Colleague: 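Structure provided below as structure tokens; questions to follow.
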Amino acid sequence: MQKLEQLYEGKAKKVFKTDDASYYIVEYKDDATAGNGAKKGTIAGKGPINNRVTNHLMQLLERQGVPTHFVKELSDRETVVKRVEIVPLEVIVRNIAAGSLAKRLGVEEGTRMARTVLEYCYKDDALGDPMVNDTHILAMGWATEAELREIAALSFRINDILGATLKDAGLELVDFKLEFGRTPEGQIILADEISPDTCRFWDTKTGEKLDKDRFRRDLGGVEAAYAEVRRRLLGPEGPSQA
Ligand code: TMP
């Protein structure tokens, strides 16, 4: 498959067209931003870690019946994905109060909640990705009622599958962000990435943060935390993955 012109450059990834209209190639960068671009930096080696971790988790989800955009890992930073139209929503799943929810609702970070929380944000950098509810989404036509039902059902299933997998790796899945796409046939599938950039992972035993909060909050040990997540999920890095 041939990599053609760049379609889009985001904060952490680039997307390229290919010689097959059904597929794109995504390339993971080491660049990191936080606070809607207010803080910028680099996390050395992040691209290859997020690429491998995302692909590992997407394949695991596929095996358990969750449709994803994953097709094939091409190199340490590049992956072939299905072409989809991205539904302009960030779907946030929360198991434990943290981050913006803890701040907004005035609860202590780490508070256990009586159930899993699902939030939607409208993907628009200029507006700062405002939180919206299902009636906004339907009113603006960002998704249909059936699509929204599917997105919510898939998000809860993904949470169950990922939560169990991470628990086995000694990690608590505190919260995470998902994005979904619409295939040309109209199917809703999981897109984007699932990585320490887009999830909160806390060490089950020590509570240590092993995710992008180390960058957002200047906690230090950012690279080591990403490498630790990779190691726990995929094992020690062998020479073939260097
Ligand atoms: P929040 O507590 O800052 O709202 O973040 C909730 C989860 O969603 C957390 O795991 C980080 C992830 N997230 C993203 O991946 N991208 C974003 O733009 C935001 C706001 C959150």
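Computed from a prediction, not measured in an experiment: that's the story for all the values here. Along the sequence shown, the residues carry numbers beginning at 1. Just follow the structure's listing: the first ligand is 1, and inside any ligand the first atom is 1.
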Colleague: Ion pair present between Asp197 and Arg216, side-chain N to carboxylate O less than 4.0 angstrom?
Modeller: no
Colleague: May I have every N or O pair linking ligand 1 to the protein at under 3.5 Å, one per line with atom names and distance?
Modeller:
residue  : atom   : partner : partner atom : Å
ligand 1 : 2 (O)  : Arg94   : NH1          : 3.2
ligand 1 : 2 (O)  : Arg94   : NH2          : 3.3
ligand 1 : 2 (O)  : Ser100  : N            : 2.8
ligand 1 : 2 (O)  : Ser100  : OG           : 3.4
ligand 1 : 2 (O)  : Arg200  : NH1          : 2.9
ligand 1 : 4 (O)  : Arg94   : NH2          : 2.8
ligand 1 : 4 (O)  : Ser100  : OG           : 2.6
ligand 1 : 10 (O) : Asp175  : O            : 3.4
ligand 1 : 10 (O) : Asp175  : OD1          : 2.6
ligand 1 : 10 (O) : Arg200  : N            : 3.4
ligand 1 : 18 (O) : Glu90   : OE1          : 3.3

Colleague: Using distance alone, with no hydrogens and no angle criterion, decide if Ser100 and Arg94 have a side-chain donor and acceptor under 3.5 Å apart.
Modeller: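 Yes, because at least one side-chain N or O of Ser100 sits under 3.5 Å from a partner of the opposite role on Arg94.
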Colleague: Identify whether the distance between the nearest side-chain nitrogen and carboxylate oxygen of Asp19 and Lys3 falls below 4.0 Å.
Modeller: no
Colleague: Does atom NZ of Lys39 have more than 12 heavy-atom neighbours from other groups under 6.0 Å away?
Modeller: yes
Colleague: Return the set of residues passing salt bridge (charged side-chain N to carboxylate O under 4.0 Å, His left out) with Arg115 (not counting sequence neighbours), or none when no residue passes.
Modeller: none
Colleague: Between Lys167 and Glu172 (salt bridge meaning N to carboxylate O under 4.0 Å), is one present in this structure?
Modeller: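 Salt bridge absent between Lys167 and Glu172.
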